[in-house]
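Shown next, in C-alpha cells, is the structure this report addresses.
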Amino acid sequence: MSRVYSEKVMDHFTNPRNVGEIENPSGVGEVGNPVCGDIMRLYIQVEDGVIKDCKFKTFGCGAAIATSSMVTELVRGKTIEEALQITNKAVAEALDGLPAQKMHCSNLAADALHKAIEDYRNKNKKVS
C-alpha cells in the first residue's frame with residue numbers, strides 16, 4: 001500500500017489530525033461520493049473572519065481520511081477568502097500527490113470545506 005501512496009498520505013491516514021466535531025460550529029459542510037461510498041463532514045470555527053479551528057469526521061478509504069486531515073491543516077489561520085482558494089488540486093499536492101483513481105477523494109475535502117464556508121456565510125447573512 002505504501003508504494004501506491006506518498007509518505008504524507010500514509011502519515012495523515014495513520015495519524016489523522018483534527019478528528020472530531022466542534023461544538024456549536026460556525027459552519028458545517030457534508031459531502032459524499034455515491035460511487036465509492038466516502039462520506040465527509042467538516043466543521044469550522046470562525047472568529048473575526050479567520051478560521052480558528054477545523055475538525056472532520058470521515059467514513060471512507062485511506063485517501064479520504066488523509067485528505068480530510070490535510071484540509072484541516074491547510075485551512076487553520078486562513079481568512080474565509082483565503083480558504084476558498086484551497087482547491088482539490090492543492091489538497092492532493094499538499095499530500096505529495098494521490099493515485100489517479102483516488103483523486104476524487106481530494107475533491108471531497110475541498111468540497112466539504114467550501115460547503116462549510118457556505119453554511120457559515122448563510123448563518124451570518126446580514127438582514128437589513
Side-chain angles (χ1 to χ4, degrees):
M1 186 159 109
S2 60
R3 285 185 281 163
V4 175
Y5 295 107
S6 71
E7 278 186 39
K8 279 190 181 177
V9 171
M10 293 304 296
D11 181 39
H12 278 268
F13 167 61
T14 56
N15 303 294
R17 282 68 153 177
N18 309 306
V19 176
E21 297 179 34
I22 294 175
E23 198 171 313
N24 302 313
S26 302
V28 179
E30 186 171 329
V31 294
N33 184 323
V35 174
C36 66
D38 292 344
I39 300 169
M40 187 178 298
R41 182 176 285 167
L42 192 80
Y43 304 84
I44 58 172
Q45 191 65 48
V46 181
E47 294 174 22
D48 300 321
V50 176
I51 298 174
K52 297 291 186 181
D53 197 8
C54 185
K55 294 189 182 289
F56 77 94
K57 284 193 161 185
T58 295
F59 177 83
C61 67
I65 292 167
T67 57
S68 299
S69 174
M70 179 54 80
V71 84
T72 67
E73 294 281 291
L74 291 174
V75 77
R76 283 176 173 220
K78 295 214 181 324
T79 65
I80 293 297
E81 290 72 27
E82 290 170 333
L84 284 169
Q85 301 305 310
I86 295 173
T87 63
N88 304 326
K89 184 178 177 189
V91 175
E93 286 176 354
L95 287 166
D96 295 335
L98 288 170
Q101 69 272 25
K102 292 295 182 179
M103 281 303 292
H104 67 275
C105 300
S106 69
N107 295 351
L108 286 180
D111 290 348
L113 171 61
H114 295 165
K115 283 192 177 230
I117 292 169
E118 180 182 339
D119 182 47
Y120 162 73
R121 285 183 163 169
N122 287 336
K123 289 177 179 175
N124 291 282
K125 282 185 181 175
K126 293 192 185 338
V127 179
S128 46

**Asked** Nearest heavy-atom pair of K78 and E82: which atoms, and what distance?
**Response** CA-OE1, 3.3 Å
**Asked** Linking I/L/V/M/F/W/Y whenever any side-chain heavy atoms sit under 4.5 Å apart, do L74 and Y43 land together?
**Response** no
**Request:** Drop me the distance from E93's CD to L98's CG, to the nearest 0.5 angstrom.
**Result:** 10.5 Å
**Item:** Matching residue for I117 among I86, V46, I80 - test: side chain to side chain contact (heavy atoms under 4.5 Å, CB included)
**Value:** I80
**Prompt:** Closest approach of Q45 and I22, non-hydrogen atoms and distance?
**Reply:** OE1-CG2, 3.3 Å
**Nearest heavy atoms of I65 and P16, plus distance in Å** = CG2-CB, 4.1 Å
**Request:** Flag yes if M10 and M70 sit in one hydrophobic cluster, no otherwise; membership is Ile, Leu, Val, Met, Phe, Trp, Tyr, and two members link when side-chain heavy atoms are under 4.5 Å apart.
**Result:** yes
**Asked** Which atoms form the tightest heavy-atom contact between T67 and A109, and what is the distance?
**Response** O-CB, 3.6 Å
**Request:** Taking the side chain as every heavy atom from C-beta outward, state whether T72 and L42 have any atom pair closer than 4.5 Å.
**Result:** yes
**Request:** Say whether, by atom type as modelled, one donor and one acceptor occur between the side chain of N124 and the main chain of Y120 under 3.5 angstrom.
**Result:** yes
**hydrophobic_cluster_shared for V91 and V19, side chain cutoff 4.5 Å** = yes
**Message:** If the threshold is 4.0 Å, N to carboxylate O, is there a salt bridge linking K115 and D119?
**Reply:** no
**Request:** Give the cluster check for V28 versus M40: same hydrophobic cluster or not, with ILVMFWY residues linked at side-chain heavy-atom distances below 4.5 Å.
**Result:** no
**Request:** Specify the closest pair of heavy atoms between S69 and H12, including all atoms of both residues, with the distance to one decimal.
**Result:** OG-ND1, 2.6 Å
**Prompt:** Between L113 and A83, what is the shortest heavy-atom contact and its length?
**Reply:** CD2-O, 3.6 Å
Indicate every side-chain donor-acceptor pair of residues 51-63 with a distance under 3.5 Å to a residue at least two apart or in another chain.
{"unit_1": "D53", "atom_1": "OD1", "unit_2": "R76", "atom_2": "NH2", "d": "2.5"}
{"unit_1": "K57", "atom_1": "NZ", "unit_2": "E21", "atom_2": "OE2", "d": "2.8"}
{"unit_1": "T58", "atom_1": "OG1", "unit_2": "S68", "atom_2": "OG", "d": "2.7"}

